[in-house]
There are 2 protein chains.
Amino acid sequence: MDSYSPFVHRIKKLELLDSDDFAYAESLIKSEIIVDAGRFIIDAGNLQKQIFFVLSGWAVKYKTLENGNRQIVNFVLPGDIIGMFSPIFQYSEHTVESISTMKLGCFPADQLVSTFRDAPRLALVLAWMAGQDERILEEQIVRIGRRRSAKRMAHLLIELYRRLRICGYTREQAIILPVNQLLLSDALGLSHIHTHRVFRELENHQLVERLPGRLILQNLAMLSALADFDESYLEPTSLRKASLAL
Amino acid sequence: MDSYSPFVHRIKKLELLDSDDFAYAESLIKSEIIVDAGRFIIDAGNLQKQIFFVLSGWAVKYKTLENGNRQIVNFVLPGDIIGMFSPIFQYSEHTVESISTMKLGCFPADQLVSTFRDAPRLALVLAWMAGQDERILEEQIVRIGRRRSAKRMAHLLIELYRRLRICGYTREQAIILPVNQLLLSDALGLSHIHTHRVFRELENHQLVERLPGRLILQNLAMLSALADFDESYLEPTSLRKASLAL
DNA sequence: CGGAGTTTTGACCTATCTCAAATGTTGTGG
DNA sequence: CCACAACATTTGAGATAGGTCAAAACTCCG
């Protein structure tokens, strides 16, 4: 299945899986579905029966507050897995909602455990992906807790760019994202109005540009410098193999 | 070993492990160490050879910025595991530093994988703990991104109380924590001066109290109401068993 | 007693928020 | 192909939460 390329890109740098592993992985996928923008893929408080591999498209993972505000916890991009912990928890704490058309590979949540038993190398890769997710959450905490709005925004945009990059997207100095200012503000913990002003500032410095429905990073070098971006937390070769008896 | 009680408390509600499992778990611990306050347990950028079970004492997990500021990502309490992902990653992205004397149970990072193979129920519990960690990180993002200082602080304090509670601590309406204002401010993403003002405000309303080196929650009900605290993300019985073939 | 770390204070500054309204944009049905 | 609704962006003005600076006071140890 060619559409698995984001995963292939992401994983091949680990130099861990052979073609048998890939075959096994593909056999796990029982079906693929197409989802429109604006659909709930995981809904907070619900039992989740599927795990989804994101083959294409974007989503956001967020929590909604008592007062209706929301905070986006992370973006979900091609090559990510949605609901990896769902076999373990009775219900989800957050909501995952598509922000573009998506193609998802599904497999039943109750087979994750057997995968861990039967395909240890594959399990290891899944655990590594969960660990990367956790690193990204931690960086989001730092970003929101200790960076001022302009750096905060620049930092997030670069993270998204790098993550797409790793999965084989964004050839040129560009990210193409269906992200509007509301989404950005909910991810950054800012009001949408301030988000707009900050974004405008980046635009005025020719760092970013915006076309209808998409967002381009024009000057990645300057943006990275502005954001003090240190990519180590996204390192696609960070898997530790030496100590693993496989 | 009696000192494992925080883990026993935390896990027994899952009603998953039998005494064999517990015996196996204890056999994994090769040694215990005592660590003073102010020591690095995990240092960012280093290879990590051990996984630690926190038997007593407190630590903070944080990242340091270019400008020297830091952001605490999570508190580490008895019943938590430090470095669960270390067998998987070459080096750590964050630092874990003790903030009180701690007792830690150690086991070699390279045995985690074999544990997953040989003790599936145990592995499941570990995965559940990793999932809880992730939920807590997500809540920290929401707290910092979308709550104003007073609610933010109240929310964090209650989280800490609840987490201790689950592990068998804090009988009375009280938390006892070696947390000073600097630590709090680095966890909340506030300046230490503002943290002081906010804390004082809570004190004036008789919600919290402070004795040298420790911090007491006096009126948990009002504090919870103020913080809009919803404990579901800490639910100690959230494990999903039905679909697990074990 | 001295020094390091922590807490407290006050004054002032500014980043960010809120409110409210105008302006654009996009997709839909007639 | 227009008109309208729904949604997204933009603007300005005024309010405020929270930051910064600098210094004093307190606490804890050795």
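Computed over heavy atoms, backbone and side chain alike; hydrogens, waters and symmetry mates excluded. Lettering of chains follows the sequences in order, A, B, ..., and the numbering in each one begins at 1.
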Starting from P on D:dA8, measure out to CZ on A:Arg210 and report it in whole angstrom. 11 Å
Heavy-atom nearest pair, B:Thr195 first then B:Leu190, reads OG1-CB, 3.5 Å
A:Gln181 side chain N/O closer than 4.0 Å to the phosphate oxygens (OP1, OP2) of D:dT10? yes
Produce a footprint string for nucleotides 11-19 of chain C: one letter per nucleotide, 5' end first; B if the base is under 4.0 Å from any protein heavy atom, S if only the sugar-phosphate is, - if neither. B---SBBBB
Return the orientation label for the A:Tyr233 and A:His155 ring planes: parallel under 30°, perpendicular over 60°, tilted otherwise. parallel
If you draw the axis of the six-membered ring of A:Phe75, does the NZ or CZ of A:Arg163 fall within 45° of it and under 6.0 Å from the ring centre? no
Check this one for me: any side-chain N or O of B:His196 less than 4.0 Å away from OP1 or OP2 of C:dT8? yes
In whole angstrom, what separates A:Glu203's CD from D:dT10's C1'? 11 Å
Distance alone, cut at 3.5 Å: any donor-acceptor contact between the side chains of B:Arg135 and B:Gln132? no
What is the distance, to the nearest angstrom, from the CD1 atom on A:Ile99 to the C1' atom on D:dA8? 15 Å
Taking side chain as C-beta onward, heavy atoms only, is B:Ile41 less than 4.5 Å from B:Ser98? yes
Spacing of B:Glu231 atom CD and B:Tyr161 atom OH [to the nearest 0.5 Å]: 11.5 Å
When the distance from CG of A:Asn180 to C1' of D:dC7 is rounded to whole Å, what number comes out? 9 Å
Take the protein atom CG of A:Asn204 and the nucleotide atom P of D:dT10, then report the distance between them rounded to whole Å. 11 Å
Here the distance between atom C1' of D:dC28 and atom CG of B:Leu211, to the nearest Å, is 16 Å
If I take atom CG in residue A:Asp36 and atom P in nucleotide C:dG27, what distance separates them, rounded to the nearest angstrom? 13 Å
Expressed as a whole number of angstroms, how long is the span from A:Leu182:CG to C:dT25:P? 17 Å
